[in-house]
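Structure first, then comments.
When reading the values below, keep in mind they use all heavy atoms of this one structure, side chains included, and skip hydrogens, waters and symmetry mates. Please read these numbers as outputs of a predicted model, since none were measured by experiment.
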Amino acid sequence: MSLSGAAPLTVVTVGQTVHDWPIILLAVGSLGAMAASLAVLYSRLLPAGSWLHSFGISAACAALGAALWFVVIALLIPEAVTGLFVPIGMMGAVAATLASMAMRATDPPTSAVLVFSAAWSLLVFVPVALATFITGVVGVAPVDHAGSLVVNVAGGAAAFGILLVRSEPSDVPATVVPRWVSALAVTLLVGAWLAWLAAAELAFDEAAATAVGNGVLGGAGGVVGWLAVQRIRHQSSSLAAVAAGLMSGLVAVSAGAPLLSPVAAVSTGVIAGGVACLVTLGRIVASGREQWFLPGTHLVAGAVGLVLVGLVANDAGFLFTGQIGFIQDQLVSTVVVSLYSAGVSFLLWTLLARLRRRRTTS
């Protein structure tokens with residue numbers, strides 16, 4: 001069963017059977033590799049320092065995101081401890097890594113970063129994950145195969161909430177990540193992402209194979225869309241643009257990977273890559289802040305993918321049924337989660353910034 005819809009998750013109670021553990025371990029390992037890869041790649045968005053030190057802080061943020069899910073759910077909602085309990089916790093690790101990046105770009109103390117990550121995970125990730133996979137979001141049931149709503153949209157919106165009000169360029173040099181490390185991280189990220197698309201089914205079946213195939217097609221489409229827009233708007237192209245387009249395409253197809261035809265997967269990637277490029281480079285040029293890459297490739301691409309699932313999903317999307325219920329649920333869920341995560345992120349950052357100024361003046 002995939003991570004889609006908001007029906008109670010009763011796949012298998014953790015520890016109930018042994019034969020389910022290999023795919024659960026694959027899910028956990030792939031999500032852990034995703035979190036590690038993103039931590040390395042996004043170190044370049046942070047103030048100058050050792051990328052290894054940055055990676056260590058990212059690992060701490062990820063650990064907090066996962067731990068809070070495990071503790072809160074195990075103690076307060078034990079019936080939600082299903083076969084997806086551990087993978088969802090690892091999604092919390094990825095989400096916390098993304099959510100903390102824009103805040104860390106303001107060069108706060110490590111203690112403030114950890115407080116922000118813990119508070120955001122508790123206030124945003126935990127309730128949004130519960131709503132997405134168990135209770136529904138404000139009465140609607142979003143379809144989200146690989147957790148794009150709780151990871152990419154929520155995490156990207158957290159960055160958006162900070163960048164929207166703190167968009168002045170920084171005069172502090174960025175962290176330098178060796179090229180070979182970045183190349184290795186991109187390779188690991190793509191492989192881990194495709195493995196997660198397969199593992200999210202919790203079964204090695206035809207749907208899992210379809211998800212992986214559509215991940216490849218969506219990623220390729222994202223590269224085409226990003227490069228086309230960058231060439232038209234900015235008369236340039238680069239290896240970084242290829243990586244950005246690939247990530248945008250993967251993000252976009254994650255929500256509906258097993259539900260899309262090959263043509264729909266490629267189209268979703270192309271549209272998401274183009275729109276993400278338009279927003280990302282437009283905001284970077286206007287503000288001078290590279291951190292706009294976070295909401296561009298995660299929030300924007302994730303939102304495009306979630307909504308397009310409601311339009312083009314095989315035998316269920318609006319183009320097949322003529323019914324607006326599905327696409328309406330996808331749209332409402334995306335908007336609500338985006339606004340909520342951005343609002344919480346902004347309030348947490350504002351509170352921590354004021355406390356920091358008060359300590360400085362005193």
Would you be so kind as to tabulate the donor-acceptor pairs closer than 3.5 Å made by side chains of residues 306-324, with sequence neighbours excluded?
from, atom 1, to, atom 2, distance (Å)
T321, OG1, G317, O, 3.2
T321, OG1, Q323, N, 3.1

If you take all heavy atoms of [X] and [Y], which pair is closest and at what distance?
X    : Y    : value
M101 : A39  : CE-CA, 4.1 Å
V177 : S182 : CG1-OG, 3.4 Å
V40  : F55  : CG2-CD1, 3.6 Å
A303 : T334 : CB-CG2, 3.5 Å
G161 : F346 : O-CB, 3.7 Å
R356 : T106 : NH1-O, 4.0 Å

Would a hydrophobic clustering, with Ile, Leu, Val, Met, Phe, Trp and Tyr connected at side-chain separations under 4.5 Å, put [X] with [Y]?
X    : Y    : result
L149 : L130 : yes
L197 : L26  : yes
I327 : V143 : no
L38  : V300 : no
L98  : L164 : yes

Scan for side-chain hydrogen bond (donor to acceptor under 3.5 Å, both in side chains) pairs involving [range], sequence neighbours excluded, and state none if there are none.
range            : result
residues 85-96   : none
residues 114-127 : W120-S341
residues 235-245 : Q230-S236, R231-S237

Please lay out, stage by stage, how R283 and R289 fare under the test side-chain contact (heavy atoms from CB on, under 4.5 Å). CA-CA 8 Å; R283 290 306 306 154; R289 293 188 72 86; over 6 Å; no

Measure the [atom1]-[atom2] distance between [X] and [Y] for me, rounded to the nearest 0.5 Å.
X    : Y    : atom1 : atom2 : answer
E201 : E206 : CD    : CD    : 10.5 Å
M103 : F116 : CE    : CZ    : 6.0 Å
L184 : S37  : CG    : OG    : 7.5 Å
L25  : W21  : CG    : CH2   : 6.5 Å
L189 : W196 : CG    : CH2   : 14.5 Å
L299 : T280 : CG    : OG1   : 10.0 Å

Could you list the cluster mates of [X]? Members are the ILVMFWY residues connected by side-chain heavy atoms closer than 4.5 Å, either directly or through other members.
X    : result
L278 : V229
V176 : none
L355 : L351

Could you walk me through whether L281 and R233 pass the side-chain contact (heavy atoms from CB on, under 4.5 Å) check? CA-CA 9 Å; L281 296 187; R233 297 278 295 184; over 6 Å; no

Output side-chain donor-acceptor pairs under 3.5 Å for residues 57-77, partner residues at least two apart or in another chain, one line each.
from, atom 1, to, atom 2, distance (Å)
S58, OG, S54, O, 3.2
S58, OG, R104, NH1, 2.6
W69, NE1, F85, O, 3.0

Between [Y] and [X], is there a side-chain heavy-atom distance shorter than 4.5 Å?
X    : Y    : result
D107 : P47  : yes
Y340 : L123 : yes
P108 : L352 : no

Output, in order, the C-alpha distance, side-chain angles, deciding distance and verdict of side-chain contact (heavy atoms from CB on, under 4.5 Å) for W349 and V344. CA-CA 9 Å; W349 176 81; V344 170; over 6 Å; no

Atom NE2 of residue position H234 - does it have more than 12 heavy atoms of other residues, nucleotides or ligands inside 6.0 Å?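 Yes - once you tally the heavy atoms of other residues, nucleotides and ligands closer than 6.0 Å, there are more than 12.
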
Counting only N and O atoms by type, is there a donor-acceptor contact under 3.5 Å from the side chain of Q291 to the main-chain atoms of L163?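 The answer is no, because no donor-acceptor pair under 3.5 Å joins these two groups.
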
Applying side-chain hydrogen bond (donor to acceptor under 3.5 Å, both in side chains), name anything that partners S148, two or more places apart in sequence or on another chain.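 Only N152 meet the side-chain hydrogen bond (donor to acceptor under 3.5 Å, both in side chains) criterion with S148.
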
Under 3.5 Å, which donor-acceptor pairs do the side chains of residues 86-97 form with other protein atoms, sequence neighbours left out?
from, atom 1, to, atom 2, distance (Å)
T97, OG1, A93, O, 2.8

Could you go through residues 240-265 and list every donor-acceptor pair under 3.5 Å that involves a side-chain atom there, pairing it with any protein atom two or more places apart or in another chain?
from, atom 1, to, atom 2, distance (Å)
S248, OG, A244, O, 2.9
S254, OG, W193, NE1, 2.9
S254, OG, L250, O, 2.7
S261, OG, A264, N, 3.1

Holding to ring-ring contact (aromatic ring centres under 6.0 Å, His included), I want the full list of residues that pass it with F293, two or more places apart in sequence or in another chain.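 Checked F293 against ring-ring contact (aromatic ring centres under 6.0 Å, His included); matches are Y42.
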
